Amino acid sequence: MKNKLVQTLQMATAAALIGASTGASAQTVNVICSVQAEWCNMIATVYARTTGVKLNMSLKGSGEALAQLIAEKDNPKTDVWFGGTGDPHLQAAEMGLTLEYKSPTLPQLYPWAQQQAQQSGYRTIGIYSGPLGFGYNTELIQKKKLPVPHSWADLLKPEYKGDIQVANPASSGTAYTMIATLVQLMGEDKAFEYLKGLHRNVGQYTRSGTGPIKAVARGETAVSISFIHDAPQERMQGFPVETTTPSEGTGAEIGSMSIVKGARNLEQAKKFYEWALTPQAQTFGAAAKQYQLPSNKATPVDPNVPDFKKIKMINYDYAKYGASAERKRLIARWEKDVNSLPR
């Protein structure tokens, strides 16, 4: 693993050197980073060493990041927002908080990443994707004699009562992706009837999207609704976690990146943005044990990354369900019709 990490750092260093500019030592780029801390720190370290450009890195969840951009609208202190679920990036684009920028790298990216850019008016771009599914604790499932869930319908079975965790959609992009997926899969009214049935089996709604898979790993619950790329890291720590994806179909997050409108260090922001889209820079995710699918088609794909070809994916409408009005409406309906019910 160490050799692989060294190789990854060397590749990324070479990529960064291509983008290095003369006399850049005094330059900085202010970045909000909404991926895991290890990933953020790797990026900052290698980019500074190879370009002489310092990344002032602020680690924030995507909801917090959007709130900061709104608060700073009249006097932006951020240049680039890197990572985090795509919905808040689309909202920032809708609100005019991010800059229209059509990257020359676009043709090298997967269609889903290009579509994210097109739907936002080129104010954000897809940098990784990860599918929604179920995590389960193999030991707990066996001990409690529970079936392994293979469909959305399975999760309504009475034997799962109290043994499912999912995040709260008011605070989690993962859980909102679940609601939007079900609405597109079933139609809105049927989806909310389903969510009422699921509510009876949910033991806890967590604040964070990664909370349920961590609870599964530690044997605190048998099943989670999670992005399945969060499971390999738990397995590597020795926890008995496996995943499945629903047979009816599922959605996926598109982690995104945006340049902030009014960025103080615009030219350096664009250079960092382009670097972050290179195959070499995109290997940092797997090096930090984060296993989303990178958006550049030439990026080597780690074997721990879920194989999208084996998963039934819905045609997720990111533009509609990423709009702030639709998101607020669906979350408000969930609070009123589902979360208010007894369990």
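Everything quoted here is computed from the prediction, not taken from an experiment.
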| task | Check the side chains of Q282 and S295 for a donor-acceptor pair under 3.5 angstrom, ignoring hydrogens and angles. | result | yes
| request: Scan side-chain atoms only and decide if E253 and Y318 contain a donor-acceptor pair under the 3.5 Å cut-off. | output: no
Going from [atom1] on [X] to [atom2] on [Y], what distance comes out if it is rounded to the nearest 0.5 angstrom?
| X | Y | atom1 | atom2 | result |
| --- | --- | --- | --- | --- |
| L109 | N296 | CG | CG | 5.5 Å |
| I164 | K157 | CD1 | NZ | 11.0 Å |
| Q68 | K73 | CD | NZ | 15.5 Å |
| T138 | I141 | OG1 | CD1 | 8.5 Å |
| L198 | E193 | CG | CD | 13.0 Å |
| T243 | R235 | OG1 | CZ | 6.0 Å |

Side-chain heavy atoms under 4.5 angstrom apart, residues restricted to Ile, Leu, Val, Met, Phe, Trp, Tyr: same cluster for [X] and [Y]?
| X | Y | value |
| --- | --- | --- |
| L66 | L90 | no |
| V202 | L156 | yes |
| L55 | L266 | yes |
| V216 | I228 | no |
| V148 | I311 | yes |

Ring centroid separation [X] to [Y] under 6.0 Å:
| X | Y | answer |
| --- | --- | --- |
| F134 | W152 | yes |
| Y47 | F272 | yes |
| Y273 | W81 | no |

I'd like to know if [X] pairs up with [Y] as an ion pair, taking the criterion as any Lys NZ or Arg NE/NH1/NH2 lying under 4.0 Å from an Asp or Glu carboxylate oxygen.
| X | Y | result |
| --- | --- | --- |
| K312 | E248 | no |
| E326 | R329 | yes |
| D79 | R264 | no |

Check: [Y] and [X] side chains under 4.5 Å, non-hydrogen atoms:
| X | Y | value |
| --- | --- | --- |
| I127 | Q292 | no |
| N168 | E335 | yes |
| K336 | F192 | no |
| R200 | R343 | no |

Backbone of [Y] reached by a side-chain donor or acceptor of [X] within 3.5 Å:
| X | Y | result |
| --- | --- | --- |
| Y291 | G130 | no |
| S120 | A117 | yes |
| H89 | T124 | no |
| T250 | P246 | no |
| Q114 | L106 | yes |
| N137 | L140 | yes |
| T283 | Q280 | yes |
| Q184 | D317 | yes |
| T174 | S226 | no |
| T278 | W275 | yes |

A quick test of your reading: do over 12 heavy atoms of other residues, nucleotides or ligands sit less than 6.0 Å from [atom1] of [X]?
| X | atom1 | value |
| --- | --- | --- |
| K297 | NZ | yes |
| K196 | NZ | yes |
| N315 | CG | no |
| Q142 | CD | no |

| task | Only one of T221, L146, T244 passes side-chain contact (heavy atoms from CB on, under 4.5 Å) with Y136; say which it is. | result | T244
Show the nearest heavy-atom pair for residues [X] and [Y], with the distance to one decimal.
| X | Y | answer |
| --- | --- | --- |
| A298 | P279 | CB-CG, 3.7 Å |
| W112 | L293 | CH2-O, 3.7 Å |
| A167 | A175 | O-CB, 3.1 Å |
| S247 | S151 | OG-CB, 3.4 Å |
| V166 | M178 | CG2-SD, 3.9 Å |
| L155 | I225 | CD1-CD1, 3.7 Å |

Please report, to 0.1 Å, the donor-acceptor pairs under 3.5 Å made by any side chain of residues 91-100, with sequence neighbours excluded.
| unit_1 | atom_1 | unit_2 | atom_2 | d |
| --- | --- | --- | --- | --- |
| E94 | OE1 | S324 | N | 3.1 |
| E94 | OE2 | S324 | OG | 3.2 |
| T98 | OG1 | R123 | O | 3.4 |

| task | In sequence, state the C-alpha distance, the side-chain angles, and the governing distance for K270 and I259, and then conclude on side chain to side chain contact (heavy atoms under 4.5 Å, CB included). | result | CA-CA 8 Å; K270 287 179 180 178; I259 297 175; 3.9 Å; yes
Got a list of side-chain donor-acceptor pairs under 3.5 Å for residues 203-212, not counting sequence neighbours?
| unit_1 | atom_1 | unit_2 | atom_2 | d |
| --- | --- | --- | --- | --- |
| Y205 | OH | H199 | ND1 | 2.8 |
| T206 | OG1 | S208 | O | 2.8 |
| S208 | OG | T210 | N | 3.1 |
| S208 | OG | T210 | OG1 | 3.0 |

| Row check, Y321 ring normal vs R327 NZ/CZ: under 6.0 Å, within 45° | no
| field | side chain to side chain contact (heavy atoms under 4.5 Å, CB included) evaluation trace for V260 with V80 | value | CA-CA 6 Å; V260 177; V80 179; over 6 Å; no
| request: Evaluate the criterion salt bridge (Lys or Arg N to Asp or Glu O under 4.0 Å) for residue pair K144 and E159; output intermediate values, then yes/no. | output: CA-CA 9 Å; K144 295 192 172 192; E159 52 262 50; over 6 Å; no
Distance-only criterion, 3.5 Å: show the donor-acceptor pairs between side-chain atoms of residues 56-63 and protein atoms not counting sequence neighbours.
| unit_1 | atom_1 | unit_2 | atom_2 | d |
| --- | --- | --- | --- | --- |
| N56 | ND2 | N30 | OD1 | 2.9 |
| S62 | OG | T85 | OG1 | 3.3 |

| task | Please test Y194 against K190 for side chain to side chain contact (heavy atoms under 4.5 Å, CB included), starting from the C-alpha separation and ending with a verdict. | result | CA-CA 6 Å; Y194 173 86; K190 283 187 179 177; over 6 Å; no
